[in-house]
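A note on names: the letters A, B, ... follow the listed sequences, proteins ahead of strands, and every chain is numbered from 1.
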2 protein chains.
Amino acid sequence: MAAANIKQVAKHAGVSLGTVSNVLNRPDLVSPATRQKVLDAITALGYVRNDSARQLRAGRSRTVAILVLDVSNPFFTDVVRGAEAVVEEAGGMLVVCNSGEDPRREQRHLDMLEEQRVQGLLVTPVSDGRHPRLDAFVERGIPVVLVDRGSGHPSRCSVAVDDVTGGRLAAEHLAERGHERIAYVGGPITIRQVADRHLGAATALAERDVPLDLQLVTTPSLSVDAGRQAADDLAALSPDRRPTAVFCANDLLALGLLQGSIAHGLRVPEDIAIVGYDDIEFAAAAAVPLSSVRQPRAQLGRTAAELLLEESINGVGHQHRHVLFQPELLVRASSDHHR
Amino acid sequence: MAAANIKQVAKHAGVSLGTVSNVLNRPDLVSPATRQKVLDAITALGYVRNDSARQLRAGRSRTVAILVLDVSNPFFTDVVRGAEAVVEEAGGMLVVCNSGEDPRREQRHLDMLEEQRVQGLLVTPVSDGRHPRLDAFVERGIPVVLVDRGSGHPSRCSVAVDDVTGGRLAAEHLAERGHERIAYVGGPITIRQVADRHLGAATALAERDVPLDLQLVTTPSLSVDAGRQAADDLAALSPDRRPTAVFCANDLLALGLLQGSIAHGLRVPEDIAIVGYDDIEFAAAAAVPLSSVRQPRAQLGRTAAELLLEESINGVGHQHRHVLFQPELLVRASSDHHR
DNA sequence: TCACAACTATGAAACGTTTCACTCGCGGCA
DNA sequence: TGCCGCGAGTGAAACGTTTCATAGTTGTGA
């Protein structure tokens, strides 16, 4: 009982071993009567297929892995849910692994996933740049799709969101509302997303009929605390030098900035307008509902999974693609005020 | 190159197949010279062990699965991170699966995990009560640890947090601050956590020298929106009937209630004190920093994983245990006011 | 009646490991 | 000298599937 196998099922049902396998994998090849006998034996013995053996022999797996930078980041959890839907729809199973932004943990996970010969891998690598480690997967016939990283690689698909456009949207919105002293709060600037959003915003402002400057306030991290710090700094400026509008690199910063500004007696958006990025669940629920740039997170996951499965099925005929999604600005109270 | 196996490595290194296996699994049995030859062959061929075959033959897996109700719930992501640390420390790999509170998806995941003969399973089942499905795992020798559910089961370990005590802590705090009209906002009351927190709070108030009532406001869900609804209801009451303090079943409700109360012109905590539950990241960053009952989430995950590994190693000698953690009240501005 | 197709069912080979009983040399000890 | 023990390495069996060539059984049309 502990571990019935196909052989015992075959004996119990009075058929051959191959027939049991056929019932499991190609039931239409088996006559209804035999099929039923086998199914009865299976339930009687509590048989459960051994996937190791199946995978060893069949040479293919049905589990797709997604390796994310941070399981507790809502961005990734939404991506996961999108990917999940597609993989499960296709009869597979999605397992989530967490690198925690630690290259060594990433390495360990990649090693074990390669040993497991997973069907495919969705991954946001810790570092930008080239990823020789991932080429091993591709050579082994395991498709890899990059999520929100290094698009354009010739030997794998990728999905990402256009952060430059996102920055542009936020900055244009603030400029249209009549703001002339606008700041960008974010950092470290070495993070591609932080840099791209800055670039988009700065470019948009510089291109205006009356070009505007984008004051850069760098933060040590993208946390609520860092946002509060930034609020302290801004509140200390004299009103005629203080930015009248701030675009934050993410919502955590923006929420911290919002809270800090209110604590300093600044009115939002009258004294200082704020736009965040990511549209996390709490953006709309903040003391002053937060304007934010929304990324199609679930869509990102869905598309990544679709590309992966397509490559997995099509194999050789597959053409690698790089999908770039467009973000969307949601204007809420924190910036909805004309100067 | 595509898929070198142990045999090819053996040939390339000029040794027998068993020796290669020994290098991989018991390197001390092999002389340094031979070992090096084999290692060179491995890198030369780009050999990566096939885990299916290994697991099939060796009969044991090194991946532990955690099946959670909702990957995007910060409670579970913290549990995951705790468990992760322990499993990786032990040389294993933790994979996360998401049931999304859907019994059918839970079922599918359990089926596939059983087929994969994972080393062990941490799970928060969708439904409370008995779980015949999980017994199959135990019979098959796969240890199961329940997380935050149905403790006391004789054939598996469990870890949970004492929600009754959590409710008690919150209620006692509010009573000590001089509140006499206290409400509990939460629902559906069929969720065990919601009911236990209510029970703890109601009991604590009833036991006081001057017994107090706990007014129950049920909500359709535990969301920010439901909290806002509750705020509308409370604000509509005349000030002499309105509760002066509210204990919410979780922080999402509390944040909604907070935001709604402020929108209705109520001062927090002067007009209405609020205590939440979970101490999510945004509790401290709310417009008025939110008092909350914190659960040792990561600790929960760590302990669950430790129990699992202990059972996995000890096997027969293992004694099932049920660990109950105590929550902790964090008093912040939203309730820090003496009447 | 015969040949042939269509349908079922069979059983052995193969997948890539781990494990274990074994052999082979060699040095030490009586 | 002969025996023993030991370290190093060997190779075959086994794990539980899937797959495939094959065999047996019916039914059909000429």
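- Aromatic rings of His320(A) and His322(A) (six-membered ring for Trp) have centroids beyond the 6.0 Å cut-off, not under it.
- For the OP1/OP2 pair of dT10(D) and a distance below 4.0 Å, the side-chain nitrogens and oxygens of Thr19(B) include at least one atom meeting the criterion.
- Looking at every heavy atom in both residues, Ser72(A) comes nearest to Arg81(B) through OG-NH1, 3.2 Å.
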Exercise. Report the C-alpha distance between Leu307(A) and Val159(A) in whole Å, list the side-chain angles of each, state the deciding distance to 0.1 Å, and finish with yes or no for side chain to side chain contact (heavy atoms under 4.5 Å, CB included).
Key: CA-CA 9 Å; Leu307(A) 289 172; Val159(A) 298; 3.7 Å; yes
Exercise. Give the C-alpha distance, both sets of side-chain angles, the deciding distance and a yes or no for side chain to side chain contact (heavy atoms under 4.5 Å, CB included) between Gln116(B) and Met93(A).
Key: CA-CA 11 Å; Gln116(B) 293 184 11; Met93(A) 175 183 190; 3.8 Å; yes
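- Distance, Asn22(A) CG to dT17(D) P: 14 Å, rounded to whole Å.
- Residue-environment remark: CZ (Arg321(B)) stays at or below the threshold of 12 foreign heavy atoms within 6.0 Å.
- With respect to Arg62(B) and Asp51(B), no salt bridge is recorded, no charged nitrogen being found less than 4.0 Å from a carboxylate O.
- One finds no salt bridge joining Arg49(A) and Glu114(B) here, because no Lys/Arg side-chain nitrogen approaches an Asp/Glu carboxylate oxygen to under 4.0 Å.
- One atom, CD of Glu115(A), and another, P of dT17(C), lie 10 Å apart when rounded to the nearest Å.
- Within residues 23-40 of chain A, the residues approached by DNA chain D to less than 4.0 Å at the level of any non-hydrogen atom are Asn25(A), Arg26(A), in residue-number order.
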Provide a list of protein-nucleic acid N or O atom pairs under 3.5 angstrom, restricted to nucleotides 12-16 of chain C.
from, atom 1, to, atom 2, distance (Å)
dA14(C), N3, Arg57(A), NH1, 2.8

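- The pair Arg130(A)-Asp135(A) does not meet the salt-bridge criterion, since no charged nitrogen lies less than 4.0 angstrom from a carboxylate oxygen.
- OP1 or OP2 of dT18(D) sits under 4.0 Å from a side-chain N or O of Ser21(A).
- Between Gln116(A) atom CD and dT17(C) atom C1' the separation is 15 Å, expressed in whole Å.
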